[in-house]
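First up is the structure itself, then whatever we jot down about it.
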2 protein chains.
Amino acid sequence: MSQPVVRRLPVEVVSSSTGAIPATIAISVVGKLTDKPADAGDTKRRILDAAEELFMEHGFEATSLRLITTAAGVNLAAANYHFGSKEELFQAVFTRRLDPMNNDRMALLAAYEAAAGGEPLTCERIISAMFIPALKLARDHEQGGKNFLRLLGRAYADPAPFIREFLSRQYAEMIGRFRAAFGEALPRLPREEVSWRLHFVMGALSYTLAGSDGLKLISQIQPEDVDNDELLLKRLAPFLAAGLRAPVGTAQDQQQWFSESD
Amino acid sequence: MSQPVVRRLPVEVVSSSTGAIPATIAISVVGKLTDKPADAGDTKRRILDAAEELFMEHGFEATSLRLITTAAGVNLAAANYHFGSKEELFQAVFTRRLDPMNNDRMALLAAYEAAAGGEPLTCERIISAMFIPALKLARDHEQGGKNFLRLLGRAYADPAPFIREFLSRQYAEMIGRFRAAFGEALPRLPREEVSWRLHFVMGALSYTLAGSDGLKLISQIQPEDVDNDELLLKRLAPFLAAGLRAPVGTAQDQQQWFSESD
DNA sequence: AAAAAGTTCAAACGAGTGTTTGAAACAAGC
DNA sequence: GCTTGTTTCAAACACTCGTTTGAACTTTTT
């Protein structure tokens, strides 16, 4: 490949201690991930960026370390040197963005609760505390953030045990806080039903963020709306809020629903 | 492994043309999939059964043909001989059960519409036309059916292009029929909104059927309920029906929801 | 009974995998 | 300047992967 065109310049000139971010950074921003080395010292970040995109695109098993390191323009061994193993690299991709996002979610929920002064929050308010940090992530890092949300949605459905256990740990605290909030917002709903509906909400959110391209086309959704995460979540939120407030189906209701006879 | 303990008996004795199913079959029913050869002629079915379970458990990429054929008690080359390639085997696992299920769904919807005699159906009726065939599948083949539903839910989120294109083709007709039905059931809802909400319904259904074990535990759901698909869908259906009937969020609503200020 | 078609088998093929290694290149401390 | 400690590099290691092959076996047809 055309990888090591200019491997390493004599950099004595640039060694001025705390330098303003050098030109190499700008180059690495302009060029796509699949391009040249650019060697700005931040090999770890380059690997994480490439891994984020490629794991999203092909999944964990189908993405090789050679593919990642080539796309990042670094040596193959760098991945194991910096992260230890492929699994640890995968987890590092998540913790980099998932931890801040979930902390944002809990902080926003706490701010809403403080502002409400003891009054229970509305479902819409709680849902927005889950969505806004995701939206922020989707917008902040213009490309990387969106990729990460799609990766996250897909990881939810991944059967690999280490992925499931890892996500469970990452989400445990946040889920607990939001279940409590929904429980107070819906005092007449049995606690068990609250757990189920929170599960449905998380599922719909992650599934929607995963962006199943092909199935969207089938649903006759406008192509220009497919990648508009803000619009997407604004359509999903009313749907979920109404579902959360739905009356619990009685035994007779269910009997009626599921009887095949008219 | 303990695979070929007795490879092939001198079978001249048994060559009595159409033999009653030999004892080896009984063994293969008693023993789990991971057991002995049993060679009952139905190599294809044995491979499909093992593939269904293992694809569900480990995903497409992480499941090797050697794992499948060993579990099925057949020779490695049998997979390629009967199905051509690993991808075609994967698709065969789906078509075996997905085609009948989707046909059942459309037939049930048509029966409901005929019984209603021109009147539009309720959302609950349409949802039950989607759910009942899935429930039937979960119950009919006691183990295989449930495995397949979980496999299906996970395949929805798989990034592999050939899986996405395959599922798009499999679902195209059914989705079209149900979108039309929901459009008539919700005449005041804009058509574009109907498409989105159908997308949400499909997502919630497949995600729920995928059964994300670890995350369920986090949600504090009773362990004995986790594998009860009937109970699960009876909780999901009211949630979705209410979401489908939710009023479309106005611009002001959304502004209010997503403003961080109180 | 002979021939044809269908199926199973052990063995191998070439390619790709995650990971390790030891030397080379670099940066920082004294 | 020399010596640490860190990072990069090409090459290799030990495997596993999906697929193919050609001979042996079974079943069906003639």
Side-chain angles (χ1 to χ4, degrees), chain A residues 1 3-19 22 24 36-47 51 54-55 58-70 72-91 160 162, chain B residues 1 3-19 22 24 36-47 51 54-55 58-70 72-91 160 162:
Chain A
M1 305 298 174
Q3 199 179 1
V5 175
V6 177
R7 182 64 61 121
R8 195 168 283 284
L9 300 164
V11 261
E12 295 144 4
V13 179
V14 199
S15 69
S16 60
S17 61
T18 60
T24 47
K36 297 298 144 49
D39 191 341
D42 49 1
T43 306
K44 277 181 85 164
R45 191 189 55 75
R46 293 178 64 82
I47 294 177
L54 291 168
F55 280 143
H58 305 116
F60 176 75
E61 297 284 350
T63 304
S64 70
L65 289 179
R66 283 168 178 80
L67 200 61
I68 293 172
T69 51
T70 300
V74 303
N75 187 273
L76 167 61
N80 283 296
Y81 175 76
H82 284 286
F83 298 97
S85 69
K86 189 185 177 185
E87 290 195 1
E88 288 171 283
L89 168 60
F90 188 79
Q91 295 180 6
F162 92 93
Chain B
M1 308 305 169
Q3 197 182 2
V5 175
V6 177
R7 179 66 57 125
R8 196 169 282 284
L9 301 164
V11 262
E12 296 145 2
V13 178
V14 199
S15 69
S16 59
S17 61
T18 61
T24 46
K36 295 300 145 45
D39 189 345
D42 51 359
T43 306
K44 277 182 86 163
R45 192 188 53 75
R46 293 178 65 83
I47 294 176
L54 291 169
F55 279 144
H58 305 116
F60 176 74
E61 297 283 351
T63 305
S64 69
L65 288 179
R66 284 169 176 82
L67 199 62
I68 293 172
T69 50
T70 300
V74 304
N75 187 272
L76 167 62
N80 282 298
Y81 175 78
H82 284 286
F83 297 97
S85 69
K86 188 185 177 186
E87 290 196 0
E88 288 171 284
L89 167 60
F90 187 80
Q91 295 180 6
F162 92 92

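Basis for what follows: all heavy atoms, side chains included, without hydrogens, waters or symmetry-related copies. Throughout, a chain's letter reflects where its sequence line sits, starting with A, and its residues are numbered from 1.
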Report task. Could you tell me whether the side chain of A:Tyr81 reaches within less than 4.5 Å of the side chain of A:Asn75, counting heavy atoms only? Result ->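 No, too far: nothing below the 4.5 Å cut-off.
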May I have the distance from [X] (atom [atom1]) to [N] (atom [atom2]), rounded to whole angstrom?
{"X": "B:Asp42", "N": "C:dT8", "atom1": "CG", "atom2": "C1'", "result": "14 Å"}
{"X": "A:Leu76", "N": "C:dT19", "atom1": "CG", "atom2": "P", "result": "10 Å"}
{"X": "A:Leu65", "N": "D:dA11", "atom1": "CG", "atom2": "P", "result": "19 Å"}
{"X": "A:Glu61", "N": "D:dT16", "atom1": "CD", "atom2": "C1'", "result": "12 Å"}
{"X": "A:Ile68", "N": "C:dT19", "atom1": "CD1", "atom2": "C1'", "result": "14 Å"}
{"X": "B:Ile47", "N": "C:dT7", "atom1": "CD1", "atom2": "P", "result": "12 Å"}
{"X": "B:Leu67", "N": "D:dT16", "atom1": "CG", "atom2": "C1'", "result": "12 Å"}

Query raised in the report: Residues from residues 77-87 of chain B sitting under 4.0 Å of DNA chain D, heavy atoms only?
Result: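 Within residues 77-87 of chain B, the residues near DNA chain D are B:Ala77, B:Asn80, B:Ser85, B:Lys86.
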Query raised in the report: Any N or O donor-acceptor pair linking the side chain of A:Arg66 to the base of C:dG16 at under 3.5 Å?
Result: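 In this structure, the two groups form no donor-acceptor pair.
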Separation of [Y] [atom2] from [X] [atom1] (nearest 0.5 Å):
{"X": "B:Arg45", "Y": "B:Thr43", "atom1": "CZ", "atom2": "OG1", "result": "10.0 Å"}
{"X": "A:Phe90", "Y": "A:Phe162", "atom1": "CZ", "atom2": "CZ", "result": "5.5 Å"}
{"X": "B:Arg46", "Y": "B:His82", "atom1": "CZ", "atom2": "NE2", "result": "12.0 Å"}

I want to check one thing: is the phosphate of [N], taken as OP1 and OP2, less than 4.0 Å away from some side-chain N or O of [X]?
{"X": "A:Ser64", "N": "C:dT17", "answer": "yes"}
{"X": "B:Asn75", "N": "C:dT7", "answer": "no"}
{"X": "B:Thr43", "N": "C:dT8", "answer": "yes"}

Query - Distance-minimising heavy-atom pair for A:Leu65 and A:Ala79 - result: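 Of all heavy-atom pairs spanning A:Leu65 and A:Ala79, the closest is CD2-CB, 4.1 Å.
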Query - Minimum-distance pair of heavy atoms, taken over all atoms of A:Ile68 and A:Leu54 - result: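 Smallest interatomic distance, heavy atoms only, reads CA-CD1, 3.7 Å.
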Requested in this report: Carefully, step by step, assess A:Lys86 and A:Asn80 under the rule side-chain contact (heavy atoms from CB on, under 4.5 Å).
Outcome: CA-CA 7 Å; A:Lys86 189 185 177 185; A:Asn80 283 296; over 6 Å; no
